Number of protein chains: 2
Amino acid sequence: MTSPTLSDVAQAAGVSYATADRVINNRGNVAAKSIAKVREAVEALGYVRNVAAANLSRSRVYRLAFLIPKGSNAFFNRIRDHIERTADHLSVERVTAEIIEVSAFAVAGLQDSIINLVQQDFDGVAIVGLQGKQLEEPLAALRARGVAVIGLVSDLPQEFRSAYIGIDNIVAGRTAARMVGMAHAGGSGSIQTFVGSMDARDHVERLQGFCEVIANDFPQITVCDPIMTKDDAAVLLSQTRAILADKPGTTALYNVGAGNSGLVRAMGAAPSKRPFCVVHELVVHSRQALQDGLIDLVIDQRPDVEISRAFTVLRALIDKRNLPPLPDLMPTIYVQDNLPADPLTDTMKAQDS
Amino acid sequence: MTSPTLSDVAQAAGVSYATADRVINNRGNVAAKSIAKVREAVEALGYVRNVAAANLSRSRVYRLAFLIPKGSNAFFNRIRDHIERTADHLSVERVTAEIIEVSAFAVAGLQDSIINLVQQDFDGVAIVGLQGKQLEEPLAALRARGVAVIGLVSDLPQEFRSAYIGIDNIVAGRTAARMVGMAHAGGSGSIQTFVGSMDARDHVERLQGFCEVIANDFPQITVCDPIMTKDDAAVLLSQTRAILADKPGTTALYNVGAGNSGLVRAMGAAPSKRPFCVVHELVVHSRQALQDGLIDLVIDQRPDVEISRAFTVLRALIDKRNLPPLPDLMPTIYVQDNLPADPLTDTMKAQDS
DNA sequence: GTCATTTTGATATACGTCAATCATTTTCTG
DNA sequence: CAGAAAATGATTGACGTATATCAAAATGAC
């Protein structure tokens, strides 16, 4: 009934507890033969380390850090909120999480932050990453100290992190395109796209996926060149107004990046039959706009799921355990009818998406 | 730095460890004054019970049971698979889950199964429920024995369970309607609906939500009376064929229930411009059909998420802990582009959805 | 004030693992 | 075969809680 202990394993293997322990925690100085015997006994008895006892013994605490871009971006506010809540709840299991703010989209700043990390001894770190050779060395140093490192939302150089938690942005763009295509019901149309910056990898990927699907499966629809917005709501406001006024043939709008409050404001004053609108990330503005019927779809990456997964994965990495079966993170489609009553999106005083 | 132990609390409260323990585990025979002192000390120090130590001490095991309908229904196969995998992974934390099959949609059978449950001492039970006065008494008996009871996918009588984990089916129906409406791009149309049984509460609710939205927001579209299918693929095959042949004005199909392999087969032989198709639950057939472009949308309730949440909630209930912040479960919309590469839906040898 | 009752204190063991120590045995080297 | 090196055994004290026991003190009833 009760599961075997390490003593049972030692006995079954015909070695002492000390030797079994040396094998299990690979402390070295064990003959190959003994290792084999212990491994077999583990198999035979189905021994699994009692994590509760282990954690108790070494009075383990999980010190985690999250590197998140500074600023009032609504999406990252949501992320920060989720981290705090999850950490709060996980305090019972001796998990602490520290949010470290880094300047947004600046490789140099991120590099500094990672270097600082090396001193403090965290057990695991989740980083909203950037691509950049300069990050490789500090990341390697971190991991050399036994710190678990994962990329969050936006990936790090692949070789230098243990996992990436986030969506595939090409898929996100394809999904948006599929929905826009459907909404044309076989008719022709013209889509205006908005992009924050062509330097942001996620933006480029979304646009790429979007164009692929439209070109392949909806050849009667054309995609106009993207308008650059710098994720600035003011730009989106004026540009959207201009399009509504000057390009009445526009059947759909797709904003790949942030700044949706501007787009929504323009929509509020749109003529009766406005274009079909798709944006990313469910935050206060986009949520409200969906409910009010000012936009039609929100493609969301479920930051709540991402955060809870980040905690799970980091802990598993730290314990050197196997990961649970985790289904891929896929972009979620929201319409006004399947909005979650998520307190986090409601209570937020954030400026923008 | 290190968190306070119960001994610290006792000391701070000016009582002995024994008394502090009596308060914490409400063992009785404690003066009101002492209780107050201990409570204050707990507050002041921010004491939280070390779950690892507690579980170790009482060599806690969580014995869980899942009552799932028998049969080869692809959706419940998926559920069963997820339960096994999750249990497997949670074995490290001394969680065991037993799947108990009950005859589908039979209140009497479910009643018997619940009565049997009372004898075996499970710590928690998740039940794919039915409504019925006959269930109330055995459920009450279960809970009287200190067993945590939750409803899964389909609810139990509200007073007799601690939580319900599943989607709101009215919302699911509304979501389907929103998508179908969009796909008409303002044009008129006629939708054929399919229902397994008007006795199944989830089916009725989905249909209700669907009709609401179409009537309110898409008045130019009509919804035909539902065809009864008993979730039988053969019925769906023949009926869909008939509609494709005899009612060319049909612009969309919506199947509220199961049996989609029939619908998909009929679609495979459909004329060039087939109606827009929406079905429920992502399983082998529906997934394949999406990829092949034979149907357009799948509304899914994410059984993987439901199951993992069931485990989380049951354990929290058993430990009498607070629940983590859990966002509502909302129906998920799949198109061919945002399909998860979920091994569970792929490897399944299930017959039907 | 006595006696019964309730409340408190002091203390011990078990839970399974980690980590360390020290003595002893086995294996390797030349 | 001696001596060094490697491997093993035996044992112990944390870690923080649960749970039990027994004695001692405080409280209540009359």
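Heavy atoms only: backbone and side chains are in, while hydrogens, waters and symmetry mates are out. Every chain is numbered from 1 and lettered A, B, ... according to where its sequence line falls, protein lines coming before strand lines. For clarity, every value in this text was computed on a predicted model and none was experimentally measured.
If you measure from atom CG of A:L6 to atom C1' of D:dT11, you get 15 Å, rounded to the nearest angstrom. As a whole-Å value, the separation of B:K33 NZ from C:dT6 C1' is 13 Å. Rounded to whole Å, atom P of D:dG16 lies 14 Å from atom CG of B:L45. Rounding to whole angstrom units, CG of residue A:N26 and P of C:dC18 are separated by 11 Å. Distance CD1 (B:I35) to P (C:dT6): 15 Å, rounded to an integer number of Å. Spacing between atom CG of A:N55 and atom P of C:dA19 amounts to 11 Å, rounded to whole angstrom units. One can place CG of B:D21 at 13 Å from C1' of C:dT11, the figure rounded to the nearest angstrom.
Checking the phosphate oxygens (OP1, OP2) of C:dA19, no side-chain nitrogen or oxygen of A:Y17 falls inside 4.0 Å. Distances shorter than 4.0 Å separate none of the side-chain N or O atoms of A:R58 from OP1 or OP2 on D:dC15. Between A:N25 and the phosphate of C:dC18, there is a side-chain N or O to OP1/OP2 separation shorter than 4.0 Å. Proximity of A:S16 to the phosphate of D:dT8: no side-chain N or O atom is located under 4.0 Å from OP1 or OP2. When the side-chain nitrogen and oxygen atoms of A:R27 are compared with OP1 and OP2 of C:dA19, one or more of them lie within a distance under 4.0 Å. Between B:N29 and the phosphate of C:dT7, there is a side-chain N or O to OP1/OP2 separation shorter than 4.0 Å. Taking 4.0 angstrom as the limit, B:R49 places a side-chain polar atom (N or O) nearer than this to OP1 or OP2 of D:dA18.
Of the listed nucleotides (C:dG16, D:dG16, D:dT8), D:dT8 has the atom at the smallest distance from the side chain of A:T19. Side chain of B:A54, nearest nucleotide from D:dT17, C:dT17, D:dA7: D:dT17.
Outside the 6.0 Å centre-distance limit, the rings of A:Y62 and A:F122 are not counted as a close aromatic pair.
Among the protein residues, B:V15 comes within range of the sugar-phosphate backbone only, with heavy atoms under 4.0 Å from sugar or phosphate atoms but none that close to a base.
For the pair A:R145 and A:D121, the salt-bridge criterion is not met [side-chain N within less than 4.0 Å of a carboxylate O].
Each of B:R22 and B:S57 has a nearest nucleotide on DNA chain C; the 5'-most of these lies closest to B:R22. Residue-to-nucleotide proximity on DNA chain C shows that, of B:L56 and B:A31, the 5′-proximal contact is made by B:A31.
Of all non-hydrogen atoms in B:L135 and B:L130, the two that sit nearest each other are CD1-O, 3.3 Å.
The side-chain hydrogen bond (donor to acceptor under 3.5 Å, both in side chains) pairs that include a residue from residues 27-39 of chain A are A:D21-A:R27, where partners are two or more places apart or lie in different chains.
A donor-acceptor pair is defined here as one N or O able to donate and one able to accept, closer than 3.5 Å; no such pair exists between the side chain of B:D155 and the backbone of B:Y164.
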